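First up is the structure itself, then whatever we jot down about it.
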Protein chains: 2
Amino acid sequence: MNDLGQAAVSAEKAPRTERGRRTVRKLLEAAAQEFGERGFHEAAITGITARAGVALGTFYTYFGSKEELFRALVRDMSDAVRAHVAEAVAGAPDRLAAERIGLAAFISFVRRHPELYRIIEEAQFVAEDVYREHYLTFVDGYGRNLAAARERGEISDGPDELRAWALIGMSVFLGMRYGIWKPDHTPEQVADMAIDLVSEGLRKR
Amino acid sequence: MNDLGQAAVSAEKAPRTERGRRTVRKLLEAAAQEFGERGFHEAAITGITARAGVALGTFYTYFGSKEELFRALVRDMSDAVRAHVAEAVAGAPDRLAAERIGLAAFISFVRRHPELYRIIEEAQFVAEDVYREHYLTFVDGYGRNLAAARERGEISDGPDELRAWALIGMSVFLGMRYGIWKPDHTPEQVADMAIDLVSEGLRKR
DNA sequence: ATGAAAGTTGAGTCAATGTTCATGTTGATT
DNA sequence: AATCAACATGAACATTGACTCAACTTTCAT
């Protein structure tokens with residue numbers, strides 16, 4: 001699980017006591033729920049504070065605005081997704097195995113946390129800079145892994161960055177279809193089929 | 001170009017004269033601009049009518065609500081994208097060539113119409129049913145093409161639907177990165193690189 | 001114990017904007 | 001020229017919800 005509620009709050013508003021930190025954590029968890037269920041614009045601050053069990057004014061003790069909170073959440077979730085995948089992939093014998101494991105981990109994360117997934121994607125229309133940051137960071141790491149594997153001779157030659165974008169796009173859509181819309185296969189089944197496509201290619205041999 | 005302004009309006013509100021049809025067309029074009037630049041929630045009806053050069057009340061002569069207009073637009077654009085790609089692909093010698101041509105056509109469409117692209121993606125959070133309809137339709141057609149090519153022996157065996165989702169996801173993200181965010185390669189270059197990945201695979205040979 | 005800092009409260013303010021509607025205009029038909 | 005349905009107008013209405021603030025409570029160092 002990701003630990004909401006540490007780097008999230010801006011300096012002047014950061015809580016100074018244990019009670020304050022508890023409240024911030026409650027607010028962030030409530031916000032993840034509210035934003036996940038209703039989307040950014042439908043979500044109401046009163047909805048968040050009601051879920052958290054605090055008064056409206058308390059929200060503004062710790063956050064400057066609805067959007068500031070949203071940005072903080074997206075950053076936390078971005079970290080959480082990448083950490084989850086990175087942990088799953090650590091120790092994979094080679095890159096093709098890592099691809100399969102990583103994709104399965106991603107889909108199972110999406111399935112367990114559809115809210116987080118929706119929040120990150122909605123950021124494209126609410127806080128585009130944070131959204132770009134998320135994928136640029138993701139692509140950067142992914143591209144390095146591909147480059148390293150390429151240099152070790154584990155995969156064929158090819159453009160690392162473009163491959164990273166292509167593979168991430170694939171994952172995001174497979175996550176939407178097989179993670180959220182209609183989970184009619186296990187994450188492992190989906191990953192096996194997708195990685196077969198990516199490693200063997202469409203060309204007939 | 002897509003022709004906005006025909007199936008878009010609901011029956012009782014459809015214009016009956018040439019003047020009315022002109023007004024509807026102006027409203028739809030203005031709406032595409034306004035939604036594209038400001039997003040659904042930031043977009044204001046007064047912004048749309050101002051761009052169209054008509055009074056606020058005129059909007060409600062032809063549309064029941066802001067969301068009804070948005071849905072009509074998304075359907076029009078969905079048709080426009082698919083038509084554009086289908087036309088480009090018609091007459092390709094084989095499936096792998098069709099993939100390359102289709103992807104290049106998609107990216108160049110996105111580059112010429114970033115608004116349309118943004119509007120369809122935002123539909124995920126404004127009118128999810130229309131969004132699903134868009135991709136389900138897209139995947140359906142794509143999957144059929146893959147199945148036919150597979151049966152003709154042009155590509156290797158594999159699951160058509162999952163492949164369609166994977167390839168579409170890839171295209172959407174490549175469209176975002178190389179079509180909108182940073183168009184530092186031509187659509188043809190991007191398509192060549194991506195289709196090389198998809199047809200040859202990552203495995204070293 | 002006590003004072004001050006941190007935290008909490010929620011009614012009230014305020015701006016934005018989607019939608020309505022009564023009135024006015026246009027243009028084709030007779 | 002008269003008629004009328006279609007179309008256009010924009011001020012007014014109504015709702016919504018983010019944000020403020022002055023008063024109150026809790027915590028804790030001295």
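Residue numbers begin at 1 in each chain, while the letters A, B, ... track the order of the sequences. On a predicted model such as this, the values are computed, not experimentally measured, just so you know.
We find that OH of Y60(B) is positioned 17 Å from C1' of dA22(C), with the value rounded to whole Å. Going from atom CG of L56(B) over to atom P of dC7(D) covers 18 Å, rounded to whole Å. For the pair K66(B) NZ and dA16(C) C1', the computed distance is 11 Å after rounding to whole Å. Going from atom CD of E18(B) over to atom C1' of dT26(C) covers 15 Å, rounded to whole Å. F59(A) has its CZ atom 9 Å from the P atom of dA18(D), to the nearest Å. In this entry the distance linking CD of E67(B) with C1' of dT17(C) reads 16 Å, nearest Å. Between I45(A) atom CD1 and dG10(C) atom P the separation is 16 Å, expressed in whole Å. For K26(A) and dG7(C), the NZ to C1' distance is 12 Å, given to the nearest whole Å.
Close to dA6(C), at under 4.0 Å from its OP1 or OP2, lies a side-chain N or O of R16(A). One finds no side-chain N or O of T61(A) lying less than 4.0 angstrom from the OP1 or OP2 phosphate oxygen of dA6(C). Residue Y62(A) has a polar side-chain atom (N or O) positioned under 4.0 Å from OP1 or OP2 of dT8(C).
In this structure, E154(B) contributes its side chain and R95(B) its backbone to a donor-acceptor pair below 3.5 Å.
Comparing atom distances between the T58(B) side chain and each of dC7(D), dA8(D), dG10(C) picks out dA8(D) as nearest. Listed nucleotides: dT26(C), dC19(D), dT19(C). Nearest to the side chain of R19(B): dT26(C).
The residues D79(A) and R75(A) are annotated as not salt-bridged, no charged nitrogen and carboxylate oxygen being separated by less than 4.0 angstrom. With respect to the salt-bridge test (charged N to carboxylate O, under 4.0 angstrom), the residues E121(A) and R118(A) do not qualify.
Among D94(B), D196(B), D192(B), the single residue meeting the salt bridge (Lys or Arg N to Asp or Glu O under 4.0 Å) criterion with R100(B) is D192(B).
Taking the centre and axis of the six-membered ring of F63(A), the NZ or CZ atom of K13(A) falls outside the cone set by 45° and 6.0 Å.
Where A43(A) and V54(B) each meet DNA chain D at their nearest nucleotide, the meeting point lying more 5' is that of V54(B).
Across all strands shown, T17(B) has heavy atoms under 4.0 Å from sugar-phosphate atoms exclusively, and none from any base.
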